[in-house]
Structure formats: C-alpha cells, structure tokens
Number of protein chains: 2
Amino acid sequence: MYDRPNTLDAFASDSCSSAVQGRGESSPATLEQLLEGLPLSRRRLKRRQHVFRAGQPRHGLYLIHSGFFKTRVISEDGREKVTGFRLRGDLLGLDALDLPHYTCDAIALDMGEVWELPIAYLRDRVPEFQDRLTAALASEIRRDWNWMLVLGSLNAEQRVVSFLLDLSTRLSALGFSSTSILLRMTRADLGNFLSLQLETVVRALHRLQAQGLIAVDRRQIRIVDPARLRAQLTVPAIH
Amino acid sequence: MYDRPNTLDAFASDSCSSAVQGRGESSPATLEQLLEGLPLSRRRLKRRQHVFRAGQPRHGLYLIHSGFFKTRVISEDGREKVTGFRLRGDLLGLDALDLPHYTCDAIALDMGEVWELPIAYLRDRVPEFQDRLTAALASEIRRDWNWMLVLGSLNAEQRVVSFLLDLSTRLSALGFSSTSILLRMTRADLGNFLSLQLETVVRALHRLQAQGLIAVDRRQIRIVDPARLRAQLTVPAIH
DNA sequence: CGAGGCATTGAAACCCTTCAATGAGTGTGG
DNA sequence: CCACACTCATTGAAGGGTTTCAATGCCTCG
C-alpha cells in the first residue's frame, strides 16, 4: 500500500523543492544560492506595482528576492482570480514559459525585489537550471491541485485555516515566525483566492478568534493554538 | 493596451500547444507524431483501470494514444478531487516529473491505450522533447488557473456550460464532432471536477435542455445552440 | 481634518447541498 | 431468457452556508 499525499504535507514539501530528478550530490538548496554571483538584473517594486501584466511580451522569469506578491488571471469579461501569493524564492512567469506573452499579472503587495532570469542563458550555463525549472513547474501544478481540492471540499472556515497554516509553513521555512503572521493582502484578495466573499473571510476569522485558535488584529494574525487549528481540517468535512 | 486572455480562448489554445519557445521551423504538430517510430512500450487499459496511483514509484510519463482518462488527487482523510479529464495527446504524470513517486491517480474511463515515455532517454535523443515537456507543464498550469477562475466566479449552470464548451473544443481538435458529445464520466465525477454535487449537475443539464441549448440523453449530449450556450457565460455573473 | 481605502457587522435572500426515494440501464447467474 | 443485483441518473423537498446589500467604524494619508 502506498502513502497518499496529505494536503498540508504536500504544501509544506513544495515550499522548498527537494528531490529534483537527476540532481547530483550536494548542491545549493535554493535557486537563489545557485544563481549567486551571476549578473542578474534586479528590480525594486513598490506596493501595487506590476512585475508584469498578462499580454505583455515575455522577457524572462522573475525570482522573488524579497517582498510579497500575488499573481492573478483576469477573464475577458473582467472576472478576476488570484492564483497565488508568492514569497521569496518563488518564481513569477512560469505559466508563460512556452509563450511569447505573459498570461497573468504579477503584483507586489508591498515593497519587494525581483531578479530577472534570462532563461536561455541560464539553461546553457547552469547545469541544474533546467531541472529546477521543471521542478518549479511541476510543483506549481501540485500546489494548484491541492488548492482545488481545498476549495472544492472544505467550508469557508476550513479554507481560511488551510490558508493560514500554509502561509505559516512557508514563512517558517523562510526563517520567519510561524505563529505571528502579517497578512499583506486585503480581505478581498484573500477571499478571491479562497473563492469566498470578503465578508465571509471576515466572519471566518472572527469565529476562529472566538474559538481561541487565533488572535486577529487587523492584518496581524497570531496563531494561538496551532494543534487545534490544524484539527479544524479533520472535523466534519461539510460542504 | 494588451489583450487579456479569454477563458475559453485560453482553453482552446491550450489543447494543441502551439508556440513552443525556441522551436525550429516546420516540425510535427503533435507529440505523438514526434515520437513516431520510437520503440515505446504501449499499454492497453480497460474501464476503471489505473494507469498509475499516487504513491507508486514513478516510471515515466504516459502519452494518451486513445481513450478517455481522469486524474485525481486524494487527501489523507479521503477527500477526492478530479483534477482533469484527459484525451488523446495529453500527458499523464507531469505533476510528478521531479519526484520519485506519482502524486495523483490516473484512471481510464473506458478502453484506452497509453504510451510510456522514458523521459531521460527522450531528453537526450529527441531535441524538441524538453521544450514540449515545458510547454505541457506550463499549459497545465494555465489550464488549472482557468478552471480555478471558472469555479470561483461562475454558478452551477455556467460551470457546466464551461465544461461542455471546453470538451467540445478539445474533441473537435481531435477530429470528433463538436456538437455530439459522449460523456465518459459519471455525473459524480463531473460534479467533483466542477465542485458541485451530482444532483446539481443533473439539474443544470436539465435546465440547459429546457432552454433549448442542449439535448441530454443519458451521457449523450448534443449541443443544439452553440452560440446561445456560449452566451450563458457572459450573462449576470452571479456568485 | 476630511477623503478614501479597508474592515466589520447585521439582516435578508438565495443557490446549492443534503437527504430520501424512484427510475433506468447493464451485467450476471440460475 | 428472465430475475436479481448493482451502478448510475433523476426528481422532490427541506435546510443551511454563503452571498448580497447596506451601513458603520477604523486607520492612513494628503
């Protein structure tokens, strides 16, 4: 019998891509370390500034060096969907790797810096680069599928819990506190990502606080009881 | 001003990956043509048979030669999510390209045949293979994002319409009728994919039939009025 | 200090889910 | 060849979680 991937475990393992096919023995753990010393063009971004927009000619791939970003797609008739929140080490533009134009918007939620990666150049000079790229692409697919599972089978409160735990894990992996979380996105962005109305997000956070699982102070979230918070995901899987 | 990708257009353009970065002039349009003549191990599958299961050691990638498949992920506590329905030309196992084990189940919905692609071998011998792989991965990400958008912003009826139009487009690209569609999956599978209960799918199909947009006969669907069906997606974007 | 963006809260409405029962189609075994 | 079993689809009714709409409050910034 084989182990089935746990939703949360899958999230966690994806945050720092581990087992890349064909990778040699010891090598830099992060893409950033791998690219250290290369003359990459860096770009600083302010709040609400776009790294790129859907439809623009694709230049390269962007590696987040610092800051907090969101990616989103917008349909012809204006419906928007936040496809993810991206942190240091994440790549922006993966979805358009085979296209001449970007297909999503990448927007800074606060100040940040990205490094532009010249794909063709790196593919030729950095042996591991192609494998890293493949790993990042596959990882994004798994991430998307996990969120589709979450959105399709959990209620509002559980979705918010999933989000908080995921963010906590990712921030923790970057060396930040796993219990003190500063949300950089609006309630509307969060709701959009979780396929909920912003009021529903507010009420879910409120209920979680009332249960003593978290403490909410505007965008500052403190995880009071991680264990019971996690336990919320295994209770009556309503919906 | 740049064009934003239309949901449906995006679906359509993804069905036959077109502009692969760095691809030369004339070359086989499909992966299958590219691999013609190579000694690939083929595998016939019966209804309900698994191509692979999550957790199994990853062998290679599978190219669907014929048949109708579904992929799904299952969480630790048994929640299931159908992540897609796959047709001829689609690849199975992309999500685990960087992992030693598969992360989803791939299941035949009727009789079919898949070709097992030895990745490392093909990467070395077939120049275009890596680019095709990248294109397939990025394409899957765009596909997932588009479905996330659909599920997050459209009501039950519109989701079913989106599904029918998408399937119609894909079947059409394979040379099948675009108006006479045989659903190979159960209402439950379809509902799971669309994040709806099977009863809701039934009722949505019923209403679409009542409006004269489609004709439903068990799993046989006939698209009576494609234009008005498409128009359903631009009306009161409820939700 | 007013303006604006964002968050909160309440109440009503609604779409979808849930539960239950029936029906249709298929396959198998006596 | 028919009957039983089983899977899948259909339909109805009730309930409920989210949405929708509206109003208020809070904080930041010019």
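Values below: every heavy atom of this structure, side chains too, minus hydrogens, waters and symmetry copies.
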Distance-only donor-acceptor test, B:R203 side-chain atoms vs D:dG12 base atoms, 3.5 Å: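 Present.
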Given atom [atom1] of [X] and atom [atom2] of [N], what is their separation to the nearest angstrom?
X: A:D189; N: C:dA7; atom1: CG; atom2: C1'; answer: 14 Å
X: B:R219; N: D:dT7; atom1: CZ; atom2: C1'; answer: 9 Å
X: A:R184; N: C:dA7; atom1: CZ; atom2: P; answer: 14 Å
X: B:L205; N: D:dT11; atom1: CG; atom2: C1'; answer: 14 Å
X: B:R159; N: C:dC15; atom1: CZ; atom2: P; answer: 13 Å
X: A:E157; N: D:dT18; atom1: CD; atom2: P; answer: 9 Å
X: B:R207; N: C:dC16; atom1: CZ; atom2: P; answer: 7 Å
X: B:L190; N: D:dC8; atom1: CG; atom2: C1'; answer: 13 Å

Any residue meeting ring pair (Phe, Tyr, Trp, His ring centres under 6.0 Å) with B:H59, in chain and number order, not counting sequence neighbours: none
Partner set under ring pair (Phe, Tyr, Trp, His ring centres under 6.0 Å) for B:F193, not counting sequence neighbours: B:F85, B:W147
Between [options], which nucleotide gets closest to the side-chain atoms of [X]?
X: A:N155; options: D:dA9, C:dC6, D:dG17; value: D:dG17
X: A:Q197; options: C:dT8, C:dC6, D:dT19; value: D:dT19
X: A:V202; options: D:dT10, C:dT9, D:dG17; value: C:dT9

B:D105/B:R72 under salt bridge (Lys or Arg N to Asp or Glu O under 4.0 Å): CA gap, chis, key distance, verdict: CA-CA 5 Å; B:D105 297 345; B:R72 70 168 181 202; 3.0 Å; yes
Listed once per pair and sorted, the salt bridge (Lys or Arg N to Asp or Glu O under 4.0 Å) pairs that draw on residues 202-215 of chain B, sequence neighbours left out: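 Non-adjacent pairs meeting salt bridge (Lys or Arg N to Asp or Glu O under 4.0 Å): B:E157-B:R207.
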Of all pairs that satisfy salt bridge (Lys or Arg N to Asp or Glu O under 4.0 Å), the ones with a partner from residues 173-202 of chain A, not counting sequence neighbours: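 The answer is A:K70-A:D189, A:D110-A:R184.
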Distance below 4.0 Å between B:T200 side-chain N/O and C:dT17 OP1 or OP2: yes
Phosphate-side-chain proximity, A:H206 and C:dT8, N/O vs OP1/OP2 below 4.0 Å: no
Contact pattern, 5' to 3', of nucleotides 22-30 of chain D - B, S or - by protein heavy atom under 4.0 Å: B----S---
Sugar-phosphate only, base, or nothing, as touched by B:L198 at under 4.0 Å among non-hydrogen atoms: base
Set of residues satisfying side-chain hydrogen bond (donor to acceptor under 3.5 Å, both in side chains) with respect to A:S66, sequence neighbours excluded: none
Side chain to side chain contact (heavy atoms under 4.5 Å, CB included) between B:D95 and B:V73, intermediate numbers included: CA-CA 11 Å; B:D95 54 289; B:V73 292; over 6 Å; no
